[in-house]
Amino acid sequence: MMAKQYKTELPAFDPAQARTDFPIFTQEINGNPLTYLDSAASAQKPGHVIDAMTGVMEGYYANIHRGLYRFSQQTTSAYETAREKLAAFLGAASSEDIVFTRNATEAVNLVASSWARHNLKKGDEIILTELEHHANIVPWVLLAQEKGLTIKILPLHQDPSLGLDTEKFDDLLTDKTKLVACTHMSNVTGEIPPVADIIKKAKAAGAHVLLDGSQAAVHFPVNMQELGCDFYVVTGHKLYGPTGIGALWARSDILAEMPPYQGGGEMIETVAFEKITFKKPPMRFEAGTPAFVEAIGLGAAVDYLSGYDRAAVAAHENALAQKTAEGLRSLGGVKLYGDQIKGKGAIVSFTLDGIHPHDAATVLDQMGIALRAGRHCADPFMDARGITATLRASFGLYNTQDDVDRFLEGIAKTRKLFG
């Protein structure tokens with residue numbers, strides 16, 4: 001089915017008004033307003049999403065695709081409509097190119113276990129980067145160990161204020177390169193690699209390209225018909241939707257040739273002990289009862305996001321991140337990572353001199369300020385920079401200048417506390 005298109009005339013973006021759409025912000029933490037700066041890990045949920053999921057469970061809950069009664073038909077329709085909404089959101093040519101998964105991690109594993117396992121052979125090469133989340137590393141390392149593949153790494157620039165050393169990509173690319181797996185936006189620094197150039201060069205060399213869009217799809221529009229990659233993965237809980245739902249987009253011709261990832265009900269045409277036949281994609285890859293309530297919630301999240309001018313939202317988020325970085329620099333005793341990268345997304349990673357990130361995050365929590373401290377599922381990045389952990393402030397459409405002010409005041413108090 002062809003993906004629907006959203007209207008282009010949208011109201012002006014008002015972050016203060018948007019914040020009121022999220023019930024969680026009505027509460028206080030230790031008498032302080034909630035300052036939530038961990039959207040890169042998981043975004044908060046608007047009432048629109050909560051109501052959509054509650055509406056299914058209270059009003060017409062039933063298993064999908066199998067029942068002939070009213071509730072089952074309603075839920076099935078809502079589930080497939082959610083697929084159409086996500087297809088439109090990602091600029092896919094057809095909703096049949098969208099496979100629902102538990103998250104982006106499962107989507108990467110699907111590609112590794114189905115397409116890659118059956119198409120790559122000993123001696124073939126995979127290129128990864130030092131920016132990758134573990135979800136886009138571990139499946140490929142496991143497969144490489146199983147099949148005797150070679151993994152090559154595109155390194156970070158030696159200057160910690162910069163990002164990937166993309167000039168070295170040409171040196172890694174050979175006629176043995178069969179896959180390039182790259183983040184579309186770093187969850188540590190917000191860097192947006194030059195994926196158009198990477199894809200062009202990889203395709204010219206005969207390689208396939210997988211992009212991890214877990215962060216990118218949240219912060220700016222993406223279009224599968226324009227990107228030119230072969231696989232694209234997203235996760236619902238960062239898109240203001242629920243946990244337990246994500247998706248793989250893949251080129252239709254590739255999906256058609258991919259064998260099943262898991263076996264069970266719903267993904268089959270016929271079953272006999274002697275022979276099993278399978279449905280066409282995407283059903284071939286959705287064995288068993290899917291997370292249909294969560295998928296409907298993700299569809300509602302896509303509706304919610306698509307109701308805003310996303311360029312205006314991105315400009316707002318990036319402005320907050322820039323003000324945060326500037327404020328941290330003015331405090332002194334702060335080291336920022338990737339802060340000089342041009343065109344980066346709304347993520348600020350940093351360390352405080354003499355204060356462990358976990359200690360700082362614990363103190364900030366007492367002030368109602370929630371941000372991430374740790375290695376961010378990015379060990380290669382941390383090891384390349386020679387650091388144990390960072391603090392990370394990441395921004396969503398509900399953040400305001402007040403959040404930045406409270407955060408910077410909290411950092412100043414934290415530094416004073418630790419002397």
Within the 4.5 Å heavy-atom criterion, are [X] and [Y] side-chain neighbours or not?
X      : Y      : answer
Ile50  : Pro23  : yes
Leu397 : Tyr240 : yes
Leu142 : Gln145 : yes
Thr289 : Glu266 : no
Pro290 : Ile64  : yes
Tyr337 : Val188 : no
Phe25  : Thr20  : no
Thr183 : Gln215 : no

When Gln262, Lys279, Met267, Met258 are each screened for side-chain contact (heavy atoms from CB on, under 4.5 Å) with Phe285, the one that passes is Met258
Of Asn399, Thr400, Val348, the one forming a side-chain contact (heavy atoms from CB on, under 4.5 Å) with Leu320 is Asn399
Checking [X] side chain against [Y] main chain: does a donor-acceptor pair fall under 3.5 Å?
X      : Y      : result
Thr75  : Tyr60  : yes
Ser72  : Gly67  : yes
His118 : Ser114 : yes
Lys147 : Arg117 : yes
Tyr69  : Ala62  : no
Asn318 : Ala314 : yes
Asp365 : Ala361 : no
Lys176 : Gly123 : no
Lys344 : Ile347 : yes

At what distance, to the nearest 0.5 angstrom, does [atom1] of [X] lie from [atom2] of [Y]?
X      : Y      : atom1 : atom2 : value
Glu286 : Leu110 : CD    : CG    : 9.5 Å
Asn223 : Leu90  : CG    : CG    : 9.0 Å
Ser349 : Ile387 : OG    : CD1   : 8.0 Å
Thr177 : Ile127 : OG1   : CD1   : 4.0 Å
Leu131 : Ile137 : CG    : CD1   : 9.5 Å
Ile245 : Leu298 : CD1   : CG    : 6.0 Å

Testing the basics here: between [X] and [Y], what is the closest heavy-atom pair and its distance to 0.1 Å?
X      : Y      : result
Val99  : Arg83  : CA-NH1, 4.2 Å
His134 : Asp379 : NE2-N, 2.9 Å
Ile296 : Ala78  : CD1-CB, 3.6 Å
Ile126 : Leu120 : CD1-CD1, 4.0 Å
Ala287 : Gly264 : CB-N, 4.0 Å
Glu191 : Leu164 : OE2-N, 3.0 Å

task = Check the pair Phe220 / Ile192 against side chain to side chain contact (heavy atoms under 4.5 Å, CB included), numbers first and verdict last.
result = CA-CA 11 Å; Phe220 52 87; Ile192 301 169; 3.6 Å; yes
Within 6.0 Å of [atom1] in [X], more than 12 heavy atoms from elsewhere:
X      : atom1 : answer
Lys280 : NZ    : no
Lys201 : NZ    : yes
Glu80  : CD    : yes
Gln27  : CD    : yes
Glu146 : CD    : yes

Is the Phe350 ring parallel, tilted or perpendicular to the Phe407 ring (thresholds 30°, 60°)?
perpendicular
Whether [Y] and [X] form a salt bridge (side-chain N of Lys/Arg under 4.0 Å from carboxylate O of Asp/Glu) is what I want to check.
X      : Y      : value
Glu326 : Arg329 : no
Glu125 : Lys152 : yes
Lys121 : Asp124 : yes

Discussion item. Does Val108 form a side chain to side chain contact (heavy atoms under 4.5 Å, CB included) with Trp140? I'd like the steps, not just the answer.
Written reply: CA-CA 9 Å; Val108 175; Trp140 305 119; 3.8 Å; yes
Sorted by chain and number, sequence neighbours left out, ring pair (Phe, Tyr, Trp, His ring centres under 6.0 Å) with Tyr79 holds for His65, Phe100
Would you please test Asp230 and Lys203 for salt bridge (charged side-chain N to carboxylate O under 4.0 Å, His left out) and show each step?
CA-CA 10 Å; Asp230 302 283; Lys203 302 298 285 185; 2.7 Å; yes
For the rings on His376 and Phe381, is their centre-to-centre separation under 6.0 Å?
-> no
| Aromatic centroids of Phe292 and Tyr61 separated by under 6.0 Å | yes
Side chains of [X] and [Y]: do they bring a donor and an acceptor to under 3.5 Å?
X      : Y      : value
Thr81  : Glu84  : no
Thr235 : Ser214 : no
Gln74  : Ser77  : no

**OP:** Go through Phe231 and Val209 one step at a time and tell me if the side chain to side chain contact (heavy atoms under 4.5 Å, CB included) criterion holds.
**Re:** CA-CA 6 Å; Phe231 309 99; Val209 179; over 6 Å; no
Asp253 meets the salt bridge (Lys or Arg N to Asp or Glu O under 4.0 Å) criterion, sequence neighbours left out, with Arg251
Taken in chain and number order and not counting sequence neighbours, the residues that satisfy salt bridge (Lys or Arg N to Asp or Glu O under 4.0 Å) with Arg19 are Asp403
